[in-house]
Amino acid sequence: GNVRADGGRTMGLREYVRKRDFTLTPEPSGLGKKKSRAGSKLSYVIQKHAASRLHYDFRLELDGVLLSWAVPKGPSLDPSDKRLAVHVEDHPLDYGGFEGTIPQGQYGGGSVIVWDRGTWEPEKDPREGMRRGKLEFTLHGKKLQGSWALVRLHGKPGDEKNWLLFKRTDEYARVGYDITEERPESAKTG
Ligand code: MN
């Protein structure tokens with residue numbers, strides 16, 4: 001089954017399921033058969049979510065789920081432009097292909113498109129990174145490439161959900177270019 005003795009590295013899908021009524025939302029229930037395959041590349045996706053407030057959901061596959069952060073302003077290619085990324089509940093792997101409309105009144109009501117997708121490669125042990133609050137990784141997406149980081153902010157207890165997402169300096173960094181403005185289209189359906 002989907003039970004993992006993972007020592008709390010990922011949250012599992014209980015919170016994801018608790019928040020949603022799958023008789024009302026078209027989102028995947030997480031009960032599908034899609035699992036990480038040994039030796040396969042780890043998936044990466046950003047979904048643009050026009051909920052009550054537009055945001056970008058940044059997701060990285062790890063241990064059979066999608067680790068997820070809500071990024072209100074979306075990613076920036078400028079390394080000095082660090083974007084708030086609020087750590088939210090793990091999502092099922094098949095969520096990464098979801099585009100559609102969540103009905104108003106349901107959790108996250110509004111439209112979802114796949115804004116970018118591809119694979120990611122952690123530079124170090126990502127489970128240790130999640131515990132320590134620092135992930136450094138390479139993205140191989142249609143829109144985002146190269147080296148990126150997610151770093152947890154030091155806040156009061158209870159504030160641990162706030163991270164920063166930012167581009168690290170390399171040949172894919174770009175200043176003075178707003179990728180969310182210039183590339184608004186779906187990476188799945190164009
Ligand atoms: Mn969202």
Partner set under salt bridge (charged side-chain N to carboxylate O under 4.0 Å, His left out) for K82, not counting sequence neighbours = none
message = If I compare all heavy atoms of P126 with all of L135, which pair ends up nearest, and what's the gap?
response = O-CD2, 3.6 Å
key: Pair L164-L150, side chain to side chain contact (heavy atoms under 4.5 Å, CB included): steps then yes or no   = CA-CA 5 Å; L164 292 175; L150 270 164; over 6 Å; no
remark   = By side-chain hydrogen bond (donor to acceptor under 3.5 Å, both in side chains), K73 pairs with (sequence neighbours left out) none
query = When rounded to the nearest 0.5 angstrom, what distance separates CD in Q145 from CG in D170?
reply = 9.5 Å
message = ring-ring contact (aromatic ring centres under 6.0 Å, His included), that's the test. Do W120 and F137 meet it? Break it down for me.
response = CA-CA 7 Å; W120 75 291; F137 50 92; 5.8 Å; yes
task = Take N162 and V86 through the side chain to side chain contact (heavy atoms under 4.5 Å, CB included) test and state the conclusion after the steps.
result = CA-CA 5 Å; N162 291 340; V86 181; 3.8 Å; yes
ask   = Taking a hydrophobic cluster as the set of Ile, Leu, Val, Met, Phe, Trp and Tyr residues connected by side-chain heavy atoms closer than 4.5 Å, whether directly or through intermediates, do V88 and Y95 fall within one such cluster?
value = no
task = Just do the side chain to side chain contact (heavy atoms under 4.5 Å, CB included) check on W115 and V45 with the steps written out, would you?
result = CA-CA 8 Å; W115 182 80; V45 64; over 6 Å; no
query = Roughly how far, to the nearest 0.5 Å, is the CG atom of D94 from the OG atom of S43?
reply = 10.5 Å
message = Please check: side-chain N/O of K167 versus main-chain N/O of S147, any donor-acceptor pairing under 3.5 Å?
response = yes
ask   = Is there a path from L24 to L13 through hydrophobic residues (I, L, V, M, F, W, Y) whose side chains come within less than 4.5 Å of each other?
value = no
remark   = Correct closest heavy-atom pair for Y56 and P72 would be CD1-O, 4.4 Å
task = Give a yes or no on whether the backbone of A173 and the side-chain of R168 come within a donor-acceptor separation of less than 3.5 Å.
result = no
inquiry  = Can you see whether T25 engages R20 through a side-chain donor-acceptor pair at a distance of less than 3.5 angstrom?
reply    = no
query = Among the clusters formed by ILVMFWY side chains lying less than 4.5 Å apart, do L139 and L165 turn up in the same one?
reply = yes
note = By side-chain hydrogen bond (donor to acceptor under 3.5 Å, both in side chains), T119 pairs with (sequence neighbours left out) none
Sequence-distant partners of R132, side-chain hydrogen bond (donor to acceptor under 3.5 Å, both in side chains), two or more places apart = E128
Interatomic spacing from CH2 in W148 to CG in L60 - rounded to 0.5 Å = 11.5 Å
ask   = So M130 and R127, side chain to side chain contact (heavy atoms under 4.5 Å, CB included) or not? Walk me through it.
value = CA-CA 5 Å; M130 288 303 291; R127 297 161 196 94; 5.8 Å; no
Residues in salt bridge (charged side-chain N to carboxylate O under 4.0 Å, His left out) contact with R183, at least two apart in sequence or another chain = E185
ask   = Can you check side chain to side chain donor-acceptor pair (under 3.5 Å) on E99 and S186, steps first, answer last?
value = CA-CA 9 Å; E99 290 194 334; S186 165; 2.6 Å; yes
note = Of all heavy-atom pairs linking P103 and P26, the shortest is CD-CD, 3.8 Å
query = Just how far is it from atom CD of E27 to atom CZ of F98, taken to the nearest 0.5 Å?
reply = 5.0 Å
key: side-chain hydrogen bond (donor to acceptor under 3.5 Å, both in side chains) against D81, all qualifying residues, sequence neighbours excluded   = S76, R83
message = Donor-acceptor check, side chain of K48 to backbone of I113, threshold 3.5 angstrom: yes or no?
response = no
query = Just checking, any donor-acceptor pair under 3.5 angstrom between side chains of E121 and H140?
reply = yes
inquiry  = Test your reading of the model: is there a side-chain donor-acceptor pair from S68 to the backbone of L66, 3.5 Å cut-off?
reply    = yes
message = Tell me whether the rings of Y44 and F58 are parallel (<30°), tilted (30 to 60°) or perpendicular (>60°).
response = tilted
key: Steps toward salt bridge (charged side-chain N to carboxylate O under 4.0 Å, His left out) verdict (R59, E61)   = CA-CA 7 Å; R59 311 194 197 279; E61 175 183 350; over 6 Å; no
ask   = Are I179 and I46 co-members of a hydrophobic cluster defined by side-chain heavy atoms under 4.5 Å apart?
value = yes
task = Using a 4.5 Å cut-off on heavy atoms from C-beta on, say whether the side chain of I102 contacts that of H49.
result = yes
key: Expected output: side-chain D90 to main-chain G12 donor-acceptor under 3.5 Å   = yes
key: G96 to V114 - nearest heavy-atom pair and separation   = O-CG2, 3.7 Å
message = Taking the basic N atoms (NZ, or NE/NH1/NH2) and the acidic carboxylate oxygens, is any pair closer than 4.0 Å for K19 and E89?
response = yes
query = Distance from R117 atom CZ to L144 atom CG, nearest 0.5 Å?
reply = 14.0 Å
key: Audit row: K124, E136, salt bridge (charged side-chain N to carboxylate O under 4.0 Å, His left out) steps and yes/no   = CA-CA 7 Å; K124 295 173 187 156; E136 293 169 319; 3.8 Å; yes
task = Check the hydrophobic clustering (I, L, V, M, F, W, Y; side-chain heavy atoms under 4.5 Å; chains of links allowed) and say if L153 and F166 are grouped together.
result = yes
query = Any donor and acceptor pair, going by atom type alone, linking the side chain of D116 with main-chain N or O of K142 inside 3.5 Å?
reply = yes
query = Counting N and O atoms only, with roles assigned by atom type, does the side chain of E182 sit under 3.5 Å from a partner on the main chain of D178, one being a donor and the other an acceptor?
reply = no
inquiry  = Can you confirm whether V17 sits close enough to S29 that some side-chain heavy atom of one is under 4.5 Å from a side-chain heavy atom of the other?
reply    = no
inquiry  = How long is the straight-line distance from NE2 of H55 back to CH2 of W69, given to the nearest 0.5 Å?
reply    = 14.5 Å
